[in-house]
Structure formats: structure tokens, C-alpha cells
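Please read the structure below before turning to the comments.
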Amino acid sequence: MNHSHVNPTKRSPESIGVKQCLNGFYSLWCRDFGSVSFLLVALLGIGLAVLAIISKPEQVDVISIALGMCILSISVAIAWQFIKLSANEQGVLIPGYYQRVKQQAALVFIVMMLTCISVLLLSPQPINIGFLLAYLSVGMGFILACLNRPQRFNFSVFVFVILPILPEVIASLPVEVGHFLALLPVVLGALIYRKLQRFSWNPHARSIYLNGLETGWMIGPIAGQNRWFIKLTQFLHPASYFIGPMLGMLLLVLPILSIIAILLSAYFDAEVPVIMVLSQMLIMVCSLIHWTRVQRWRAAETLFMLPTFSGKRGLVDQFFKAQLHLLVIVLSIITVITLVSALFNAQMTLLAGLHIVASTIWASGMALALGAMSRSVLQISLTMLIVIVHSVWLSTSLVDLREQGMITASYYWGDLGLLLLMGLLLVISKHKLWKNGVASL
């Protein structure tokens, strides 16, 4: 008998080629709601850093914070992938599955580092590398903490709380401590590598993963028992049906973190683009409404069977009203935070505040409208372009505000036209949602 034949299913994980490393990347990372939400925040951080370099290159603190947002978001996404991997008890039965995810995580991390380095090289002003090393240490430390105890992922939101604080803390440390920061990522990398060598199925990771599916990867179970949180979820039903408690948690956490960031920025006299980030995040929240609807399209049948709708038309009408309720909440949040920001920023005039509020509303409404028209993952992914368009629109107008002390009138007329377009798209999208029945997209 010829024993020279090798069964391809018996290949060791190490034999997987470099090109094959990307196999399954889209399904594992881009179609996973837990990781893609953090990947989108990372892209937002890179975009903000590039815009800051183009519009205001001397604001190195803003560029550092934007890059820190990217580093921390990628770190949390990698930690989530490791938790999901250790929660899958069938992973040991699939040849090369563990190794493939580890390789893809390493690839994502390397691409993130190369991107941040490229942004640093583009900056005409020198940026303190110690800031990025500190963010890198925090991100790698969080990955290691989740590898040791998956339950610690529940506190991922607090990783971003230190985002505006860390530069000031690093700047106040002695020079000797700054030298130690250069070694800390290397030490953490060695510990992570050692931990991954003994990587295996973890029953605690499974409970965290299942809890994440139900609560939206936030520390939501505690808040979910609050009667005000329940009322908020009911107010947004059925738009909140697919995304789950994550919608309510984001709408509660985002304004709180924004106020904290504004106060800290005023205390440390640092210019942090809080309004810009908040506006972008609110638009992404609206996009995620239909992102989860497309991802969980089979759950629409269960929603339709609930005894609260009079047929498909009743379901569509209620969903449309819930989207309007969400726009009212977005309007309230961005208005309040803009007023709070105006207390510490003399340039935040009434007209400038109206521009920020109006641009956030038309972008959020378009994200909801185009999301309702989407029938595939690709189409819903393209709606994220609204975030980029709005980012350019708002950032360029704020540059005029800083340099000229006022915003050009063309932006206000543009906001008015885009608000009218948003209203038209919302009306059209109402008739496109579940056009072929709730059993399909």
C-alpha cells in the first residue's frame, strides 16, 4: 500500500499559507456584529486623525487621541474574537481553526500598527510616541486580561473612558517612566503569545459570548433592570428588536461619556473633538439599527408573530414611528451636549450649534432611510459612507469656525437641502422595508 499520499484534512495548522490566512476573514470579522462595531470605531479614529492632519496639523493632541481610539478599538475587537474562539467547543475539531483566527488577529494588529505609523509620518508636526505606546499598552493589557478571565470583557466600555485622560497623565510622568513604556508592549506581547500557546475552550467564555449576543456586548444586564431603561427600549420598539439592549445602552452611555470628556478637556485645557466623535457615533447607532436587521433577518418572522401588530403594514408603520422616535432622541442628545460644550467654548455660537445639530440629524436620518432600503450585507455596508461624508462636511465647517470665527452660509443652506432630502428618503424607505414580506429582505 502506498503511504506517500497525505490526507489534506490532516495538515498541521502551521502548514497554512499566508494567502490562506485571509480565508474566512470576512465572515469571522466583518459579519460578526461584536467585532465589526469596534472595527468601525477604529476606522473612524483613523479618519479623524487624517482630517486633523489636513485641517489642523498643529493639534497633535487631537491626532494622538484619534489614533488612540483606533488602537483601543482594534484591541477590543481582537479580545472579542479570542473570547468567541474559546467559547466555541467545536473549534478543536476543525483543522487549523484556532490557528487561523490567531493569524488573522495578528494580521489585523499589524495592519493597525502600520496604519498608525503611516499617519505619524504624514503629520508635519512631531507627535509624542509615548502617547501611542501608552494606548498600545492599555489595549494589549486588555487583551491579556480577557485571555486570563473572559468576564473582564464586560468592562470594555471603560477602556475608552481613559482615552482623553491618558495623554495628560503620560505628559506628567517622569522621563524614566516614559522609557519603561517602550518595553511594556514587548512584555505584554510575550505574555499574550505565551497565553495563546495554551489556548483552549473556556466555559466562562461561552457564557460571556452568549450574554454578548443578548445584550449587545455592553455591561447591559444591570441597566436592563432599570425601569427607565425598559421604558426607553419600549419607546424604540420594534426598531430596538434586532439590535437588543445595546441600543439603549449606547444612547445612555454616549452622552454621559461626552459630558465627562468635555469636563476633562476643560480641566486639562486640551482640545478634544467630543462633538465630532459624538455626532459620528450617533450616526453609526442609526446605521446599526438596519445592520442588525439584515444580519438577523430570520428573526423578523418572530417579530411579525408578536401580538402587537395588525399585519405587515402595521409592523412597517410601527418600525417607521420607532425610527422617528430614535431621531428625536438623537436630536435631544446632540442638542444637550452642544449646549454643554458651548459653556466651555466661546466659538460655539448659536448658529454653529444649529449647524452641528442639523448635520447630525440629516446624516442620521439618511442612515436610517438607506438602511431600510438595503437588502444585503453589501448594501448596508455601503450606507456607512454617510459617516465619511458627514465627517468631511462637519470637519471642514468646523475648520472655518476656528480660522474665521464663523461658518460659511453655504453650509447652512446645504443643511437645509439635506434635511429635505432626508425627509424624502425616509418616506420612500417606508415603502421599501420588507417589500417582499418579512420572510425575506
Side-chain angles (χ1 to χ4, degrees), residues 33-45 47-48 69 73 76-77 156-157 160 212 215-220 223-224 229 232-259 261 273-296 319-338 356-372 374 380-391 394 422 425-426 429:
F33 182 53
S35 66
V36 77
S37 57
F38 293 108
L39 292 178
L40 290 173
V41 175
L43 290 176
L44 174 61
L48 290 175
M69 181 191 302
S73 299
V76 174
S156 59
V157 66
F160 296 94
T215 63
W217 301 274
M218 301 288 273
I219 51 175
F229 183 86
L232 176 61
T233 304
Q234 292 174 344
F235 183 67
L236 296 173
H237 183 78
S240 61
Y241 179 80
F242 299 98
I243 192 173
M246 183 182 183
L247 177 60
M249 284 301 300
L250 286 173
L251 294 176
L252 291 174
V253 170
L254 286 176
I256 295 174
L257 292 181
S258 299
I259 292 176
V274 179
I275 298 294
M276 183 76 174
V277 174
L278 174 64
S279 181
Q280 297 281 281
M281 292 299 294
L282 290 174
I283 300 168
M284 290 175 63
V285 168
C286 294
S287 297
L288 290 176
I289 293 292
H290 290 286
W291 176 280
T292 51
R293 178 186 65 83
V294 172
Q295 295 282 1
R296 302 179 56 195
F319 203 100
F320 182 76
K321 290 180 181 179
Q323 291 184 123
L324 298 182
H325 293 166
L326 178 59
L327 283 178
V328 171
I329 294 176
V330 170
L331 172 64
S332 303
I333 291 175
I334 195 64
T335 301
V336 171
I337 301 303
T338 302
I356 293 173
V357 172
S359 63
T360 304
I361 292 302
W362 63 251
S364 300
M366 286 185 181
L368 290 171
L370 296 179
S374 300
I380 200 69
S381 300
L382 292 176
T383 62
M384 291 297 177
L385 293 174
I386 297 175
V387 178
I388 300 176
V389 172
H390 173 266
S391 178
L394 187 58
M422 176 208 72
L425 290 176
L426 279 174
S429 67

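Computed from a predicted model, the values in this text were never measured in an experiment. Quick note: numbers below take in every heavy atom, side chains included, and nothing from hydrogens, waters or symmetry partners.
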Margin query: Under 3.5 Å, is there a donor on one side chain and an acceptor on the other for T360 and S279?
Written below: yes
Next item on the list: First locate atom CG of L425, then atom CE of M366, and finally report the distance between them rounded to the nearest 0.5 Å.
Entry: 6.0 Å
Checklist line | Shortest non-hydrogen separation from A369 to S429 and the atoms involved | finding: O-CB, 3.3 Å
Margin query: Using side-chain heavy atoms (C-beta onward) and a distance below 4.5 Å, is I333 in contact with L254?
Written below: no
Note to self: Applying side-chain contact (heavy atoms from CB on, under 4.5 Å) to I289 and L236, what does each step give before you reach the verdict?
What the structure shows: CA-CA 11 Å; I289 293 292; L236 296 173; over 6 Å; no
Margin query: Can you give me the closest heavy-atom contact between H290 and Q323, atom names plus distance?
Written below: NE2-OE1, 2.6 Å
Item checked: Identified side-chain contact (heavy atoms from CB on, under 4.5 Å) counterpart of T335 within the set V357, V330, I356 -> V357
Next item on the list: Give, for atom NE2 of H325 and atom CZ of F235, the distance between the pair rounded to the nearest 0.5 Å.
Entry: 4.0 Å
Next item on the list: Mind checking the CG-CD1 spacing from L257 to I337? Nearest 0.5 Å is all I need.
Entry: 10.0 Å
Note to self: Please find the pair of heavy atoms, one from S364 and one from L327, that lie closest to each other, and give the distance.
What the structure shows: CB-CD2, 3.9 Å
Check: About how many Å separate CG of L251 and OG of S240, when rounded to the nearest 0.5 Å?
Finding: 10.0 Å
Check: Got L252 and L232 here, is their nearest side-chain heavy-atom distance under 4.5 Å?
Finding: yes
Item checked: M69 vs V277 side-chain heavy atoms within contact, under 4.5 Å -> yes
Notebook entry, point to check: Can you tell me how far the OG1 atom of T338 sits from the CG atom of L278, to the nearest 0.5 Å?
Noted result: 7.5 Å
Item checked: Whether H390 and W362 hold their rings parallel, tilted or perpendicular, with breakpoints at 30° and 60° -> perpendicular
Check: Heavy atoms, side chains only, cut-off 4.5 Å: are C286 and L326 in contact?
Finding: yes
Item checked: Minimum heavy-atom distance A367-I283, with the two atoms named -> CB-O, 4.1 Å
Next item on the list: Kindly compute the distance separating OG1 (T233) from CG (L247), expressed to the nearest 0.5 Å.
Entry: 7.5 Å
